[in-house]
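Residue indices begin at 1 and follow the sequence shown.
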Amino acid sequence: MPYPLDAAAVRTWCGLALEALGRERERIDAINVYPVADGDTGTNLYLTLESAARAVEAAFDGHASAGTQPDLAAAVGAMAHGALIGARGNSGTILAQLLRGMAQVLAAAPTGGSGAADALRRALRRAASAAYEAVAHPVEGTVLTVATAAADAAEQTAADAGEAAEAAEAAEAAEAAEVARAAHQGAVKALRATPGQLAVLGQAGVVDAGGCGLVALLGALADALSGEVTAEPVAVQAGGPVPEAAGCAVTPPGADGCADPHVGGPAFEVIYLLEAGDADVARLRDRLDRLGDSLVVVGGDGLWNVHVHVDDAGAAVEAGIEAGRPYRIRITHFGAGPRAKEPALAPRAVVAVMPGAGLAALCADAGATPVTVRPGEPPASGELVQAIRQAHAREVMLLPNDPELRHTAAAAAEQARAEGVRVALIPTRSAVQGLAALAVHEPGRSFDQDMVAMTAAAGATRYAELAVAEHRSWTMAGVCQAGDVLGLIDGDVVVIGPDLARTAMTVLDRMLSAGGELVTLVLGADVPASLAEGLERHVRERHLAVDTVVYEGGAHAAPLLIGVE
């Protein structure tokens, strides 16, 4: 007797599917040759479904205290959401979209009977079409083809039932379990045909790995609804032993002297969750499609999972930042082929973003790798990654020195980590905080101790900047006119003055009222040395036991930067 299509069936489906993918994970990994032969499709599918199963269990736990169970809509919604936030790799991202498509239909489905069977048919069709919509450039002979075949087979059960009804005049539509079983069988048949549809599969003598995972998922669904474990393991395998002659395409990357499977393709896989609207995501798709390949964007209702293969991982993350709020960013380096012998890596280095040639030179003199920026032209994450590479060190302390660069620096750090560099992102918000952190940097300490010391030094440094207002505007200190000198402390305007010297003195007095031992002054290129002399004298006369150091910021630096430690 078939089980009803309800929340309990969804829970059982998750459990059986996890068991099936757990058994076949290594086999699916071994035949993973498309879109890249990175041998992780089985693992990614398993981890994606594991996230979905956890979400379903959480839905049941949430109702347990009230002595109830979630309804079908809550269960399938949880399954789809769990897959979306936990999707791994190209295959896992597509699986999340397949489940989302099914959930969109099943959320309104009746439990059991011919109504449930019809809903399951529509759900399978919606799943296939949603997956095609999510992939930038659909390719036949993949999981997309298998999903379509499953939907076709499920719909055929309705046609068969119609013919039987005309003959017997009393037959009812097929049960949901029969629909699921037909979908599974249709998927098996389509899977076996994939080597003839996609050349890389035919050359390797294997079927599509993602399609194998979908067959396992549909077999588990049929078992959950029928109550009978009838899916045969061969359905998720390659239809026979993987031929040894297939060579590099079906062996672990780099094994047996094979060339790297990613040579000629993008170097990185970038995945992140994104909070954004539909219009922003549409623009993001276009931009990412120009940056790389294997683009899959799934989700909706403000939450998306983005997957792409690119050479510039930072640019892919930056595109997400422009579209909305990316998080849970994962960047995987596919690896590289043999390289020429390179010089030995230094143990640790510092990369610092600096506004002005003078500060950049100061950093270089201290042994750091500077990234010089011009006003209004912040560095891209790719520039920061290149600077990290040029530092040629196993460990790098990255100083962004600007609160607006936190996302860019984070993306660069992730990409560098994917390349094997250990990176600490020191949260410096100003160049003077960067100088304070650099002053306590000690390569002889452990990585963690050095990171803590530099972070503490930056955090103990209050920072200020003096700038000239370009137009009339409202500020926290009142209304300023064009030409007024603005004194900003920790990023907020606190003083509006008539000239640089008097405004700087007021800012210094405010900062030193809370105490301090060292004042750092960084002068812009057009600021006279007499200003520094006057400020040093002011500090000596008004604040006892406070030392002052002065640096030339050079061109493109602010008129005056102040740090108080």
Item to check | Pair H309-N90, side chain to side chain donor-acceptor pair (under 3.5 Å): steps then yes or no | outcome: CA-CA 9 Å; H309 294 172; N90 186 75; 5.6 Å; no
Item to check | Step-by-step side chain to side chain contact (heavy atoms under 4.5 Å, CB included) determination, V76 to L72 | outcome: CA-CA 6 Å; V76 295; L72 177 61; 3.7 Å; yes
Item to check | Intermediate values then yes/no, side chain to side chain contact (heavy atoms under 4.5 Å, CB included), L49 and M79 | outcome: CA-CA 8 Å; L49 193 60; M79 186 179 186; 4.0 Å; yes
Next on the checklist: Go through it in stages, so that I can follow the logic: the residues are R328 and I85, the test is side chain to side chain contact (heavy atoms under 4.5 Å, CB included), and I'd like the CA-CA distance, side-chain angles, deciding distance and then a yes or no.
Outcome noted: CA-CA 9 Å; R328 291 195 187 179; I85 64 174; 3.9 Å; yes
Checklist entry - Would D40 and R88 satisfy salt bridge (Lys or Arg N to Asp or Glu O under 4.0 Å), going step by step from the backbone distance to the final call? => result CA-CA 9 Å; D40 62 0; R88 300 291 188 93; over 6 Å; no
Checklist entry - side chain to side chain contact (heavy atoms under 4.5 Å, CB included) between I426 and M451: does it pass, once the steps are laid out? => result CA-CA 7 Å; I426 310 299; M451 176 179 64; 3.9 Å; yes
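The CZ atom of F268 sits 7.5 Å away from the CD1 atom of I331 when rounded to the nearest 0.5 Å. Expressed to the nearest 0.5 Å, how far OG1 of T93 lies from CG of N305 amounts to 4.5 Å. The line from CG of N401 to OG of S430 is 7.0 Å long, rounded to the nearest 0.5 Å. Taking CD of Q69 as the start and CG of D6 as the end, the distance is 7.5 Å to the nearest 0.5 Å. A distance of 9.5 Å separates CZ in R325 from CG in L274, rounded to the nearest 0.5 Å. For the atom pair CD of Q415 and CZ of R389, the computed distance is 5.5 Å after rounding to the nearest 0.5 Å.
Between E133 and R126 there is a salt bridge, since at least one side-chain N of the basic residue sits less than 4.0 Å from a carboxylate O of the acidic one. A salt bridge links E414 with R417: the distance from a Lys NZ or Arg NE/NH1/NH2 to an Asp or Glu carboxylate oxygen falls below 4.0 Å. Using a 4.0 Å cut-off between charged nitrogen and carboxylate oxygen, D118 and R122 count as a salt-bridge pair. Salt-bridge annotation for D29 and R25: present, with a side-chain N of the basic residue lying under 4.0 Å from a carboxylate O of the acidic one. The residues R283 and D280 are annotated as salt-bridged, a charged nitrogen and a carboxylate oxygen being separated by less than 4.0 angstrom.
Annotation: side chain of T332 is not in contact with side chain of I271 (no heavy-atom distance under 4.5 Å). A heavy-atom distance below 4.5 Å is not found between the side chains of K189 and Q185. Within the 4.5 Å cutoff, side-chain heavy atoms of T43 are placed close to those of L47. Within the 4.5 Å cutoff, the side chain of V135 has heavy atoms near those of the I94 side chain. Taking 4.5 Å as the limit, some side-chain heavy atom of L21 sits within range of a side-chain heavy atom of I28. Within the 4.5 Å cutoff, no side-chain heavy atoms of L201 are placed close to those of V207. Put simply, the side chain of S294 reaches to within 4.5 Å of the side chain of H307, judged on heavy atoms. Counting heavy atoms from C-beta on, the side chains of W304 and R285 come closer than 4.5 Å.
What you find for P400 and A409 is that their closest heavy atoms are CB-CB, 4.0 Å. Residue V281 comes nearest to A276 through the heavy atom pair CG2-CB, 3.9 Å, listed as atom of the first residue, atom of the second, then distance. The minimum heavy-atom distance between L225 and A9, with the atom names listed, is CD2-CB, 3.9 Å. The two atoms that bring E269 and G89 nearest to each other are OE2-CA, 3.4 Å, heavy atoms only. Here the closest heavy-atom approach between residue C14 and residue V56 is recorded as SG-CG2, 3.9 Å. Considering all non-hydrogen atoms of both residues, L284 and G320 come closest at CD1-N, 3.8 Å.
At distances below 3.5 Å, at least one donor-acceptor pair connects side-chain atoms of T148 with backbone N or O atoms of L144. For Q433 (side chain) and T428 (main-chain N/O), no donor-acceptor pair under 3.5 Å exists by modelled atom type. For S51 (side chain) and A83 (main-chain N/O), no donor-acceptor pair under 3.5 Å exists by modelled atom type.
Partners of Y463 under the side-chain hydrogen bond (donor to acceptor under 3.5 Å, both in side chains) rule, at least two apart in sequence or in another chain, are R429. Looking at residues two or more places apart in sequence or on another chain, you find a salt bridge (charged side-chain N to carboxylate O under 4.0 Å, His left out) between R54 and E50.
A side-chain contact (heavy atoms from CB on, under 4.5 Å) with L217 holds for exactly one of L18, L99, L45, L16; it is L99.
Checked by atom type, the side-chain pair D223/H184 shows no donor-acceptor distance below 3.5 Å. When only modelled atom types and interatomic distance are considered, T194 and D208 share no side-chain donor-acceptor pair under 3.5 Å. A donor and an acceptor atom, one from each side chain of E140 and T145, are located under 3.5 Å apart.
Remark: R330 fails to qualify as a cation-pi partner of Y272 under the 6.0 Å distance and 45° angle criteria applied to the six-membered ring.
Atom CG of D448 sits in a crowded spot, with more than 12 heavy atoms from other residues, nucleotides or ligands closer than 6.0 Å. At most 12 heavy atoms of other shown residues, nucleotides or ligands fall within 6.0 angstrom of atom CD in E26.
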